[in-house]
Each structure stands twice: as C-alpha cells, then as structure tokens.
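As structure tokens, the structure follows; a few thoughts come after it.
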Amino acid sequence: MEYNFNEIEKKWQQYWKENNVYKVDIDDSKPKFYVLDMFPYPSGAGLHVGHPLGYIASDIYARYKRHKGFNVLHPMGYDAYGLPAEQYAIQTGQHPEVTTNENIARYREQLDKIGFSFDWDREVRTCEPGYYKWTQWAFLQMFKSYYNTALDKARPITELEEYFKKNGSEGCNAHTNAKVEFTADEWNAMTDAEKSQMLMNFRIAYLGNTMVNWCPELGTVLANDEVSEGLSIRGGHPVEQKVMRQWCLRVSAYAGRLLCDLDTIEWSESIKETQKNWIGYSEGAEMLFPIVGSDEQLLIFTTRADTIFGVTFMVLAPESEYVDQVVTPEQREAVDAYLNEVKHKTERERLIEKKVSGVFSGSYAVNPVTGKEIPIYISDYVLAGYGTGAIMAVPAHDSRDYAFAKHFDLPIIPLIEGADISEESFDAKDGIMMNSSNERLQLNGLQVKDAIAKTKEYIEEAGIGKVKVNYRLRDAIFSRQRYWGEPFPIYYDEDGQPQPLDESELPLQLPEVDKFLPTETGEPPLGRAKNWVASNGRPLELNTMPGFAGSSAYYLRYMDPHNDEALVSKKADEYWRQVDLYVGGTEHATGHLIYSRFWNKFLYDYGYVCESEPFLKLVNQGMIQGRSNFVYRIKNTKKFVSFNLKKDYDVTPIHVDIKLVYDDVLNIDDFKAWRPEFADAEFVLEDGKYICGWAIEKMSKSMFNVVNPDDIVERYGADTLRLNEMFLGPIEQSKPWDIHGISGVSKFLKRLWGLFFDGDTMQLVDEKPSAAALKSIHTLIKKVSQDIEVFSYNTSVAAFMICSNELKEMKCKSKSVYRDFIVLLAPFAPHIAEELWHQLGEQGTVCNAKWPEWNEEYLKESMVKYTVLFNGKPRFNIEVPDGTPGDEVQKIALTHEGAARWLDGKQPKKVIVVPNKIVNVVV
RNA sequence: GCGCCUGUGGCGAAAUUGGUAGACGCGCUAGACUUAGGAUCUAGUAACGCAAGUUGUGUAGGUUCGAGUCCUAUCAGGCGCACCA
C-alpha cells in the first residue's frame, strides 16, 4: 500500500471535524491547559509558510497536553480591524468588511489543510458587534475609573468626586500628569462642565491634549510603538509631533506593576528586557530650585543628586510651563524667536541635526545646597514629556550638559577625583567625590553610590525635594481618525463634554458611510455617517479605536465566546484563568504585549478576571525568511547572464519568481512566458544552464519569494510540512525557508509507512518486543516527552528518524512498539498517526490516546561510566559493564593506567564505590 | 552611548548542562538497481595526512584531571532603547 497523504489527510480532517474531536468545555474532573497563538490579521496575501511556524509549535504542545490528560483550550480567531483593509477600501470602494471576510475565508481554508487542533466553535473576530461590544465595555469601565496610587489599583471615578467634594485636591491619591490644585469649595463651585473637564485629568481612559504622533500621509495619529525613528512602522511615512485632543489610556499609571510583575511570568529574557527598556524605570530625586526675585520654584528631576555641587546652570524644555514665568522682558524677543524655531522643526529634524541650541531666559535660580545663583536656559535637548521638563545641568558629568556648556561658555566644575574633563564629560557613576562639601552637606571622599544616597537623604530632611521614581512609559494614544475600527461608546453633551453611553446601548455598531475618507471639513470618516447620534439625539464620537483595542482582551473572550452578559463569566474565568502558553512573534513586545498586560490588570483591579497577568509563559517563534532568486540582465540589452559569468558584464539584478527556478537553475521557457518583456530574452549560459543568484530576504510578494503552504501540502502533505517546519531549527530562531531539507522528512514518513506494510498487508504482529526494541522506543519516549516540554522540536524529529531506523534495522514487528511510536508522533504528524493507529486496529482517535511513559529499566546502558576521585578530587573516568559488582569496579579503577600517578606507590587506605557512579580513593 | 542575545563542518543544526564535539537532515562522493530520474537502496563524508597520528567549537588568556559549555578581555553579527537628565 502506498502512503497516499492527500487522501489520508483529507479523510481524517473530515473525521475530526464531524466528531468534534477538538471541541472543549469546562470539565472540573480534568486539569486545564490554555494554549494560545497570536491571532492573525487576515491580509489579502494569504498565509505563507512562515505563518504556520508558531501555530504548528503550539499545536504540538496542545496535542501533547491532551495526551497527558489535560483539558486543553486551543482556540483561533482573527484580528480583523486594521489599516490595509481600509486602504484597499479607499482605493476600490469595496467595504472593508467584505474584503476582511473574504480574507478570513481564505485563511481558514489554508489553516484547515495543515491539520490544527483548534476548537473553531470558539472563533472570535474583532470586527463583529458581539465581540467589540466587550471592547467598548472595557473602554467604558476605564472611562469611569481613576488610578488610586495609594491602593495601587483602579477605582470608580465617583469615589474621587466624593473626595473632591470634601477635601478638594489636597492629599488626593489619584494618578495624573496635570498639575492641578483646588479646594473643596472651589470644586463645589464648579459647573458640571468644569467638573467634567477636571475629571479628565484623572480618568484611566481620558480625552487629553497631548503631544501626538501625527502622520499626515495616513491621516491619523499613531501610538509610540507604531512609530520608529520618525517614520510610521506601516508604510514608512513621516510622522510629526503635534498637540491634539485625543483619547488616551493611562497606561503610565500601571508602569510600576507592569515592570515588577515581569518577574512573575515565564518569558524569554530578551523580551522582558525589551519591555523593561520600554517602561524605562529610573530612580532619582525631585528637587526645588528657587527662582531669584520670584516666589516660584523650579522643580527638576535628577538621578545624580550627588552632583548638586557641580550645577552651573538650569535648562527648561521649550514647552515647559515654567518658561513664561522665568523669561525677563529683555530676553522675551530672543526666547520667542527660539521657541518659534523649535516649533517648526520635526522630531526627525531635531534628531538628525544634533546641533546644540538654546537661549538664556534672563532669570537665575538658586542652588538650594550651595546658595549660588545660576542662569536658567531654554533648550530643546530637554524633553517636556519626561520628568518635570526641567533639569539641573552638571556639565562635568553629563555629556549633553557638557556640550551645552562648551557652546555657551558656561563654567564646568569637576566633582570626581581623577576625572579628566578637558575633552569630554565623565558620565560614569563611579569614583570618589570632591569639590562637594560645605556646612550643609559633606560628600567629599565618598563613593558616587554613597554620595547619591546621602544627598537624597539630605534633600528630604532639608525639605528641598523628595526621592522619586520616573518611568519612560507614556500613556497610550487611543483614538484614530479612521473608519475601520471600534466606535467609541461616547457622545457629547450640550456643553461639548464627552459622556459615556449606557451599557445597555452596547454594542454601538459601526455605521455605514458613503466613502471611507475624511469629510470635506477634515473630520474623520464617521463624520459622513447619517444619524450618527446617541439615543438621546446627541452627537457621537467620530474617532475609532486603534488596532490594539480588539486584541487586548481576546484571550479572555475565547474562554466564553458566546456570552452576552459578560466579557467572560466568572465560572469560565475561574476555570481557564490565564493563558498557560502563548506563542507569537517578538514584534508585539512593546505594543500588544504591553497593552494586554495593562488591560488585564485593569480588569483584575475590579475582579473581572482572577489573574493579574494574562500570559504565563511566552514563546517567541522566529521569522521564516524567503530565499529570493535573481537573474542578471546585461545593461541596455535583452541578454541575461548566468550567475558565475556576470562579473564580466555590467548587469542589473532582477528578482525572478522562485517558481521558475529549481535548485538555482532557471527554467528558461517558463521565464520567457512569465512576462511579455522577457519573451525574446537571450541568455549567456554556463554548462548549458542558467544559474540564478540568491539572497535571504523577507518573504513578500514584491520579491517573488513567497512559498504558499498549500503548495507544500499538495506536493508533500501536511504532516511533512509540519515536521519540516519543526526540523528547520530551534523554534525561537529566524531562518530561511529551505525546501531542500523537506526530502529528508518526506523520506522518513514514507519509510515509517513502509515498516507497517508488506505490499498491501499489515506486517506487524502481536509479539513481545526484544530488549533492543524496548530500549529504542523507550529512549524515544523519554526524548520526545522531555523535548516537547522545552520546545526542542527539532531534536524530537531527529529522534523519530533515529528510532525508526533502529526498528527497521532490527526488523521489529511488534505492534505494541509501533503503537507507542504513533502516539508520540501524533502531535507532530497527526494525519499519518491517525491512519496508522486505525491500521493497527485501535479504536477512537489517536488524539485521545494516553501518552506512553518511559521505563528507566529498559534504558540501562551496557557500559556504565564511573568517575574516579583521589582524596575527593576527580581524576579520571573508567567504563565498566553494567551490573559489575563494587569490588570489581574498585579493582578496575586501581589498575587503570591513571591510578599509578595518583597512588604514587602508596597503598590506598580506603576505596569507596558510590552508587551514583563515583569511585573515591583515599590515599 | 546604554542594555540584551548569538558566534560549532559546504549548509540547517546536535551535544545527557563540565565528561568520546559535529547526533539527525540536506548537500557531496562512490556503488547497486533500474522504466535513466529532481526515484529507491548501500557505504563514506570536520580539516591535514598513504598511515599511525595531529589540529579543531570567532580571537586571546584563565579556572579544572577534563571546557563548545564556567570566568576575563577582545572581535563580528543580530535585536531593543536612545538628547529619558
């Protein structure tokens, strides 16, 4: 019988579907396990062979856990809102919903061919009202909450209103970026609109005037993680800094917890490190510097409190609120000119120029420790958004201050012994302090570390500042001027204040529009919708939510996807709790993986979920790159020259579709037929062949290097595809797709099939396996069981090959051995395993078969290694047959050629043979 | 600049965590069988050498009876953050 994978795979995929083999429900009799993939954005290009890499890895783990008796939740869905569908809609007029659904159908078809064990009854799509109702619901909860820094959790905003009524802002523990102070009387005297505006400073979801990343090309604002080096991640368009009134999420309130809780989860060090960098913890002090001739004081943040004696000037960010207070009339003109200049530079221009610029404000501040008066400058090297937007400048020990001081010819006072500051500043936090003592504070002679601690202590005592932690993490900008996203459940009242819709009005459905472009007056596309008003007739918000909104809690929805009453029921949440294993790429490190953690923590604060972290273990699969092929056209001709001859010509490399190439040899006829302009191409061949060049590049349509998994499944079968993807190398590593290796995997499955059949008849029998066969299969059981736990799938595949070769060699015909083999193989290659399982006469599905346990007895080596120690020090090793009695081992050890050297002619006083393979000789 | 990760045959990679480096697969070489192929099977394949042998895990040191593995320095590549005080 032939191994007809196409037939077998179709047959069993059908069987699994009809028998709901992968359907899962709450079952208190079994331990649960939740295995999740990052759900895909269904793009028009379909899946390529890179996409399933992570899905296969997680599917193996999910199947393995089922064999081990766990109740496994393994769902899949679609992150359906996104820019590409909308861009396509703008170009074609096609509704994004239509293209999205078409793409989803295509994805589903492709996924189904690979034989995943998803429970499709739990599928979610972020663009469906039944799903986004809960995205909107969560937003409403955030709108109605503030962050209590004393309790360190979210609380209802009504509690804060009560507090303001009684106490004003004095002593309130609400997280805010605004500097607002008011008394209870002042609060009570406010109008509703004023109160509403004031509360915006505290809500977790708030409408705020913030500096945003505005992308004119895309016509929308972008979050920080959607921008890199002044360009949008998607499309690479320039991004400007601009103050706009936008919805934001107070992610920064959770910075401390997002950082600390990284220690409680099992993620790779590198991705934890990325998040740590992104959150950007820094411990320092805030200090007050009085302004000469004013009651105002400058509040600055520093991590180098120890350098207080070296402060020779102060610097304010151009956007700082202090600017107006410190500018003197004489300097007004110069300052305004500078501010204007800065305003017209984009972030990118500022970064590229790296030119020292700034202006003197005319005012002076007083160093609170030395009492010296120092000038206050304004410069764009100080950022408004970090710390307090004002710094104390210590040119001797900060390179930026140093450059500024040199440029404006300001004094530089060295504070660390032996530091050479003639050419550059000494930034290291290391050395002995000097020039740093007076009657108030004595730091001379201290190590920097101790000086920092002592200064902090002093400034708290003296009441000139306090110890403070700062984070780099900013609030997330949460609105987009786009159509294809979740509408905000917000309307605007008579005063123009945003108000929440009642929860009973959810979901607020995305309205129809005639075009997917902004309105003529520049409003977002929802401005085109007719009757876009709340049930009370008031106008609704025109922005929509960003892409990460829908993906922030989808893992919770899978637990209870059809629930109309709640995001997830208490029962489902308490059973499934959190994702035990999450598999996906690293590209979401500072986006989705931060937002989800934030979102989950917010829900946790209110007890909507019972775990404070959403993803317990995270595995990042690498990217699969494409291998592109090139032909080389001789410039200004229709001639193409073969790879190894191209050095003799002036050539242009051109991407050629990899479908026209086999083993880097071009199929010339196919090439001519590929494009009309190549129809009359001529070729300079080598050895009668045209050899193409190649390069490893990202897999993409434009490079003609996309490999479609459907083609691989068609030609080699899904099981071979699965095994090959796992065999390519470690799952975390990025690697090029390599079709060459697939023949090895393909051969393995064919040979395995061959072991079962002699012609058309099953040749396996019920017989007692030999010791060698037992050893072989139990080695495999142990290896595969251990490998799966640590995601070392590539070595598992190797182990399967070794074992099958051994069984073949020893002509093992025992059914029981092969039965175990098949169960082990089932997570990796489920179709062939299922077929062979039935061929063996087993009942049910192999997916539910019990995972075999290995027996150490069968694994015993024929030779055992002993380490021989002399007086406790290991000296050499000996090998003896397994089961050799102790005194025999001792004799062999002492007659070993190495023994004489350590015995040095003496007789051993005592020899101890330890069962854990150590021989200790006491001389 | 700060932080993290990775360096092993022609290639993808293994290495029981300090104990025979290169498992397994690709490729290559030779042979067998053939319906002559991009099929299947058998043997070989780190380098140098006819051999015994010698040298080999980016480079240079160190610890150890023993180092791909641990320590120090250095080089190369990848990733993250970056005028963050």
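Numbered from 1 within each chain, the chains take letters A, B, ... in sequence-line order. None of these values were measured; they are calculated from a predicted model.
In this model, the phosphate group of B:rC81 is not approached by any side-chain N or O of A:R472 to a distance below 4.0 Å at OP1 or OP2. Contact between the side-chain N/O atoms of A:Y386 and the OP1/OP2 oxygens of B:rA85 is found at a separation under 4.0 Å. Between A:S282 and B:rA85 there is a side-chain N or O to OP1 or OP2 distance below 4.0 Å.
Rounded to a whole Å, the OH atom of A:Y3 is 18 Å from the P atom of B:rA39. Computed from coordinates, the A:K783 NZ to B:rC24 C1' distance equals 10 Å when rounded to whole Å. When the C1' atom of B:rC5 is taken as reference, atom CD of A:E732 falls 12 Å away, rounded to whole Å. We find that CD of A:E587 is positioned 13 Å from C1' of B:rC79, with the value rounded to whole Å. One can place CD of A:E286 at 13 Å from P of B:rA85, the figure rounded to the nearest angstrom. Taking atom NZ on A:K775 and atom C1' on B:rU16, their separation rounds to 13 Å, with Å as the unit. Regarding A:N620, its CG atom lies at a distance of 14 Å from the P atom of B:rC5, rounded to whole Å. Regarding A:F791, its CZ atom lies at a distance of 20 Å from the C1' atom of B:rA14, rounded to whole Å.
Note: A:Q786 CD to A:S796 OG = 10.0 Å, rounded to the nearest 0.5 Å.
Here, B:rG22 and B:rG27 have their P atoms 22 Å apart, quoted to the whole Å. Straight-line distance between the P atoms of B:rC71 and B:rC5: roughly 11 Å, to the nearest whole Å. The gap from the P atom of B:rA13 to that of B:rG62 amounts to 32 Å, rounded to the nearest Å. B:rA15 and B:rG19 have their C1' atoms separated by 11 Å, given to the nearest Å. For the P atoms, the distance from B:rA67 to B:rG61 is 14 Å, rounded to whole Å. Taking atom C1' in both B:rU17 and B:rA82, one finds a spacing of 37 Å when rounded to whole Å. Annotation: B:rA14 and B:rC70 have their P atoms spaced 16 Å apart (nearest Å). The same atom, P, is picked in B:rU16 and in B:rC81; the two are 34 Å apart, to the nearest Å.
In the model, A:Y381 has a side-chain atom that pairs as donor or acceptor with a side-chain atom of A:D401 under 3.5 Å. With hydrogens and angles left out, the side-chain atoms of A:T455 and A:D306 include no donor and acceptor closer than 3.5 Å.
A syn orientation is assigned to B:rG9, its glycosidic angle lying within 90° of 0. Glycosidic conformation of B:rU17 is syn; the angle stays within 90° of 0.
Here B:rC24 is the nucleotide among B:rA15, B:rC24, B:rG38 with the atom lying nearest to any side-chain atom of A:F727. Closest to the side chain of A:A798, from the set B:rA13, B:rA85, B:rC24, is B:rC24. Among the nucleotides B:rG25, B:rA85, B:rA14, the one closest to any side-chain atom of A:I391 is B:rA85. When the nucleotides B:rG25, B:rA85, B:rG38 are ranked by their closest atom to the side chain of A:N805, B:rG25 comes out on top. The side chain of A:M801 has B:rG25 as its nearest neighbour among B:rA13, B:rG25, B:rA85.
Consecutive Watson-Crick or G-U pairs involving RNA chain B, each under 3.5 Å on both distances, make up stems of three or more pairs at B:1-7 with B:75-81, B:10-12 with B:24-26, B:27-32 with B:40-45, B:46-48 with B:53-55, B:58-62 with B:70-74.
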If you restrict it to nitrogen or oxygen atoms, what contacts under 3.5 Å exist between nucleotides 26-36 of chain B and the protein, and what is each distance?
from: B:rC26; atom 1: OP1; to: A:K747; atom 2: NZ; distance (Å): 3.0

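Annotation: cation-pi pair A:R474/A:W278 absent, no NZ/CZ under 6.0 Å from the ring centroid and within 45° of its normal.
Residue whose closest nucleotide on RNA chain B sits further toward the 5' end, between A:A384 and A:G729: A:G729. For A:R715 and A:E809, each mapped to the nucleotide of RNA chain B holding its nearest heavy atom, the one lying further toward the 5' end belongs to A:R715.
Within 4.0 Å (heavy atoms only), A:Q733 reaches sugar-phosphate atoms of the nucleic acid but no base atom. Note on A:I802: only backbone sugar-phosphate atoms sit closer than 4.0 angstrom, heavy atoms only; bases stay farther off. If you check every strand for non-hydrogen atoms under 4.0 Å, A:P736 touches nothing. As judged by a 4.0 angstrom heavy-atom cut-off over every strand, A:N794 is placed among residues touching the sugar-phosphate backbone only.
Relative orientation of the A:Y377 and A:F408 rings is tilted, given thresholds of 30° and 60° on the angle between their planes. The aromatic rings of A:W753 and A:F757 lie tilted to each other, with the angle between the two planes from 30° to 60°.
Looking at A:E856 and A:K782, a side-chain N of the basic residue comes within less than 4.0 Å of a carboxylate O on the acidic one, giving a salt bridge. Using a 4.0 Å cut-off between a side-chain N of Lys or Arg and a carboxylate O of Asp or Glu, A:E423 and A:K406 do not qualify as a salt bridge.
The ring of A:Y3 has its center closer than 6.0 angstrom to the ring center of A:F5. Aromatic pair A:F800/A:F821: ring centres closer than 6.0 Å. If you look at A:Y690 and A:F671, their ring centroids are not closer than 6.0 Å.
Applying the salt bridge (Lys or Arg N to Asp or Glu O under 4.0 Å) test to A:E789 and every residue at least two apart in sequence or in another chain returns nothing.
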